[in-house]
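Not measured: the values here are computed from a predicted model. All values below come from the heavy atoms of this structure, side chains included, with hydrogens, waters and symmetry mates left out.
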Amino acid sequence: MSFHHKGIEYFIGLCATTFTISIPAFKNYFKVLEVKKVDTVHAEAKVIIENELLIISKEEKYNGRR
């Protein structure tokens, strides 16, 4: 299924007893998680997105100073 957080689309899939997170906007990011609740997967995806956006923001500020 497709979901959005801060304008970034991410996908969550269920494979047997594991969940997958896919975030195509971040270099085809893909991660497999073995958790019991889908809420945990959503939280993890949001943390990943927040961290990546922070990294991008820092890179843009650094490149702008040159």
Side-chain angles (χ1 to χ4, degrees):
M1 286 190 108
S2 172
F3 301 93
H4 290 86
H5 180 66
K6 294 203 172 190
I8 304 294
E9 184 176 36
Y10 68 96
F11 299 87
I12 292 179
L14 174 62
C15 298
T17 60
T18 60
F19 289 93
T20 60
I21 298 173
S22 175
I23 310 172
F26 298 138
K27 300 176 186 169
N28 291 323
Y29 182 92
F30 185 83
K31 185 173 186 176
V32 177
L33 298 172
E34 292 190 31
V35 296
K36 297 190 186 283
K37 294 185 179 183
V38 71
D39 292 342
T40 305
V41 180
H42 281 288
E44 178 72 16
K46 290 176 183 178
V47 167
I48 293 164
I49 290 170
E50 294 286 339
N51 288 341
E52 289 294 325
L53 290 175
L54 184 62
I55 290 168
I56 290 168
S57 175
K58 285 182 178 180
E59 287 175 353
E60 287 177 353
K61 286 179 184 177
Y62 176 75
N63 289 334
R65 289 184 178 172
R66 286 182 160 181

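A distance of 12.0 Å separates CD1 of Ile55 from CD of Glu50, quoted to the nearest 0.5 Å. Between Leu53 atom CG and Lys6 atom NZ the span is 7.0 Å, to the nearest 0.5 Å. Taking CZ of Phe26 as the reference point, atom CD1 of Ile48 lies at 9.5 Å (rounded to 0.5 Å). Between the CD1 atom of Ile21 and the CZ atom of Phe3 there is a distance of 11.0 Å, given to the nearest 0.5 Å. Note that the NZ atom of Lys46 and the CD1 atom of Ile8 stand 14.0 Å from one another [nearest 0.5 Å].
Connectivity analysis of hydrophobic side chains (ILVMFWY, heavy atoms under 4.5 Å, direct or indirect) links Phe30 to Val32. Think of Phe11 as one node in a network of Ile, Leu, Val, Met, Phe, Trp and Tyr side chains linked at under 4.5 Å; it has no links at all.
Applying the salt bridge (Lys or Arg N to Asp or Glu O under 4.0 Å) rule to Glu9 yields no partners; only residues at least two apart in sequence or on another chain are considered. The salt bridge (Lys or Arg N to Asp or Glu O under 4.0 Å) search around Lys31 returns Glu44, not counting sequence neighbours.
Under the salt bridge (charged side-chain N to carboxylate O under 4.0 Å, His left out) criterion, no residue pair touches residues 16-26, with sequence neighbours excluded. Identified under the side chain to side chain donor-acceptor pair (under 3.5 Å) test for residues 32-42, with sequence neighbours left out: Tyr10-His42.
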Ile12 and Thr20: CA distance, side-chain angles, deciding distance, side chain to side chain contact (heavy atoms under 4.5 Å, CB included) verdict:
CA-CA 6 Å; Ile12 292 179; Thr20 60; 6.0 Å; no

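Side chains of Thr18 and Leu33 form no contact here, defined as non-hydrogen atoms less than 4.5 Å apart.
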